[in-house]
Amino acid sequence: MSNTSENPKPSSSSAKMTLKTSDNELFEVEEAVAMKFCTVKQYFEDEKDSDVAARGSTTVIPLPNVHSAVLATLISYGKKLPQSNAVADNHEEEETKKKERKKYEQGLLKNLMPGELLDLISAANYLDFKEGLEFFNQALADHIQNKSVEYVRKFFGIKNDYEPHEEEKYREEYAWAFEGVDED
Amino acid sequence: MGESSAQSMSKCTELTLNRNAVIDTDRISNLPDSLLYHILSFLPTKEAFATAILSNRWKPLWTLVPTLDIKDNCCKKPISFTYIVYRVLALHIAPSLRSFRLTWYSPCDSFHLDTWIHFALARNVQQLHLEIYLDGRQDDSHVYVGKFFWLPRSLFTCKTVVVLELSGGIVLNPPPSFQFASLKILRLSKISYGPTNNISTLISGCPVLEDLSVVRECMDNVFSFKINVHTLKRLHIEFKSYKPEPPDYNLEIHTPALEYFRFSGHLRNIVFHEKLAHLIEARVDIYALEDWTRVYEIYYGDRIFKLLRALNNAKFLSLFSGDKECIAFGSIYPSMFQNLVRLNFKVTPSNWHVLLALLLVAPNLEVLVVNKDYDNENRFCWMELPDAPGCLSSCLRTFNFDGFEELEHEVKFVMYILKKARALNTMTIKIPAKLSKEGVFETLSMFPRLSTTCLITVEKDNSLE
């Protein structure tokens, strides 16, 4: 019904959208990538259905809960994902792309501060960016795997509000769960 | 879901304001429950359980994570770990399970494993992964001969399972009529099938199956089954055996919707009863032990060509037809590989003619990758057919040869490609360390080539010594 877009499903890869962050920075993003942020997708679809005619690439979508540095990383990650409209690759090409993506992911996670990781997770959650959440939550889980309770508390600043005798009882009763952790 | 996202929005405002602060404030505990469940779902249950002690906020979280991953703790005495598993399952209160994984390697009364599987079924489990070995005995061929675990009958009435993965010392014993109404992905690895046709029964009870993988390492006697699934898109068959006699089997396949086919192991009788009109990719790796070939060799080539003929609609084909000579009494003709765009071929002294046969029937081939192992004696070598119209001429744009040793027939082959491929853009040759890059490059540059835009690259193969 909109008078600007002819197709019901805009699939042109050159169509762009503009996202505005909490610190008022504007990001121009390819539609295919922006649509991976389901919150953005929903906003875009709501705009199209509304009485105000969608102005295509001049629509600016506000993201008051996401800082520019965080959005930049999420967009960069979104670009590296396999695009849904891509032609089917054969197994070898898929494997090569996977390796490249792995390398990029490792670079991304290296030296990431816990605060930054949590920012990315919160933003990915707000944006409903499923692949981003999957990746960053897995990264967080990988980081705490095999670590001692003390390490995890320290790393995330979690305050231990158990009484000492409570904690001791728990550790004794469930000793098996606390075996085999890495040295701090 | 709506509530938690509203929560996350208000929390996010706080978090973004604090983003430069060093972590002395506990931000992770402020994340919404749904996010924390998601994070904990990536951990084995043992670790998720341990997070209960981080603080009171964390205490109940692990009990609502929709995944359980229970791994046998082999160090402890089995009986006390069994008690722990019961305790964990009793405390876990998530109403439905996305995934239940049970990995068990020590002696245990089957009754306990049964009970735990029932627990998962009662929680509407969607993905079930069972790897069970009740003890560790193996025979000389490294085949498991210990006690087997029989799956509980109630498993076969599960309406919610979408992914089922079974591996180890498990006996497959489906009741004569049952249905896995939601099952899309089925992976069977090295399990026992009991009397014959259990596997056919199992497969025929999966009306929406899309992805099937069957890996067998111990092939007993003659083994026949049917795969009759009209929704199947991906099929992976791996039949290997370490016994002194070669395995014999009959596999009848009705999968008209198949898109991806992978076969690895010993090739016997595989029959595709319906045309694979939607086939996109096929990968075939054939192995044969030295001792087997005396009697069975004579039909080896026929079987390979028969399989290839069935795969002629593929866009991408990767083929290693094994070390044995495949002297075929039949051939690939009259099948044409009209859709074939990319061919990965592992060349041995015995199968250059298979490569030639494929090149002759693939007029639209764009990418050719040839791999060769080093140190092979030459038997059947490259032989150019004098009249091969249309072959390679208009579409081939990329040609890679890994393992080029400047042997006479290899040189002839490369010359043939250069002579025929008008559209060739890049040719990449990988050579072993002993040869000189510059020397090989010079030699290749002298060959006459039909394509004026062809770029030749010579690389050293650093992956081998």
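So that the names make sense, note that chain A is the first sequence line, chain B the second, and so on, each numbered from 1.
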Does some side-chain heavy atom of [Y] sit less than 4.5 Å from a side-chain heavy atom of [X]?
| X | Y | result |
| --- | --- | --- |
| A:Trp176 | B:Lys46 | yes |
| A:Ile158 | B:Arg57 | no |
| B:Leu31 | A:Leu118 | yes |
| B:Ile28 | A:Leu140 | yes |

If you draw a 6.0 Å radius around CD in A:Glu168, do more than 12 non-hydrogen atoms from other residues or ligands fall strictly inside?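 No.
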
Tell me which of these, [options], has more heavy-atom pairs under 4.5 Å with chain A than the rest.
| options | result |
| --- | --- |
| B:Val341, B:Leu54, B:Leu43 | B:Leu54 |
| B:Ile39, B:Ile53, B:Val88, B:Leu35 | B:Ile53 |
| B:Ser318, B:Ser41, B:Ala50 | B:Ala50 |

On the 0 to 90° scale, with breaks at 30° and 60°, tag the B:Phe49-A:Tyr170 ring pair as parallel, tilted or perpendicular.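 Judged by the thresholds at 30° and 60°, the geometry between B:Phe49 and A:Tyr170 is parallel.
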
Between CG on residue A:Asp142 and CZ on residue B:Phe42, distance to nearest 0.5 Å: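 Spacing of CG (A:Asp142) from CZ (B:Phe42) equals 8.5 Å.
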
Just how far is it from atom CZ of B:Arg87 to atom OH of A:Tyr174, taken to the nearest 0.5 Å?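 If I round to the nearest 0.5 Å, the distance is 3.5 Å.
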
Heavy-atom proximity to chain A below 4.5 Å, by part of B:Ala48: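 No part of it gets close to chain A.
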
What part of A:Glu163 lies closer than 4.5 angstrom to a heavy atom of chain B: side chain, backbone, both or neither?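 The answer is neither part of A:Glu163.
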
Measuring heavy-atom distances to chain B, does A:Ile144 have an atom under 4.5 Å in its side chain, in its backbone, in both, or in neither?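 For A:Ile144, the contact with chain B is made by backbone and side chain together.
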
Look only at the side chain of A:Gln145 and the backbone of B:Glu47, and say whether a donor-acceptor pair between them is shorter than 3.5 Å.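 Absent.
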
Between A:Asn160 and B:Ser55, is there a donor-acceptor pair closer than 3.5 Å when you use the side chain of the first and the backbone of the second?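 Between the backbone of B:Ser55 and the side chain of A:Asn160 there is no qualifying donor-acceptor contact (under 3.5 Å).
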
Could you please spell out the steps behind the salt bridge (charged side-chain N to carboxylate O under 4.0 Å, His left out) verdict for A:Arg153 and B:Asp26? CA-CA 9 Å; A:Arg153 279 188 189 136; B:Asp26 181 3; over 6 Å; no

Please report the C-alpha distance between A:Glu134 and B:His38 in whole Å, then the side-chain angles of each, then the deciding distance to 0.1 Å, and finally whether the side-chain contact (heavy atoms from CB on, under 4.5 Å) criterion is met. CA-CA 8 Å; A:Glu134 190 83 13; B:His38 191 216; 3.4 Å; yes

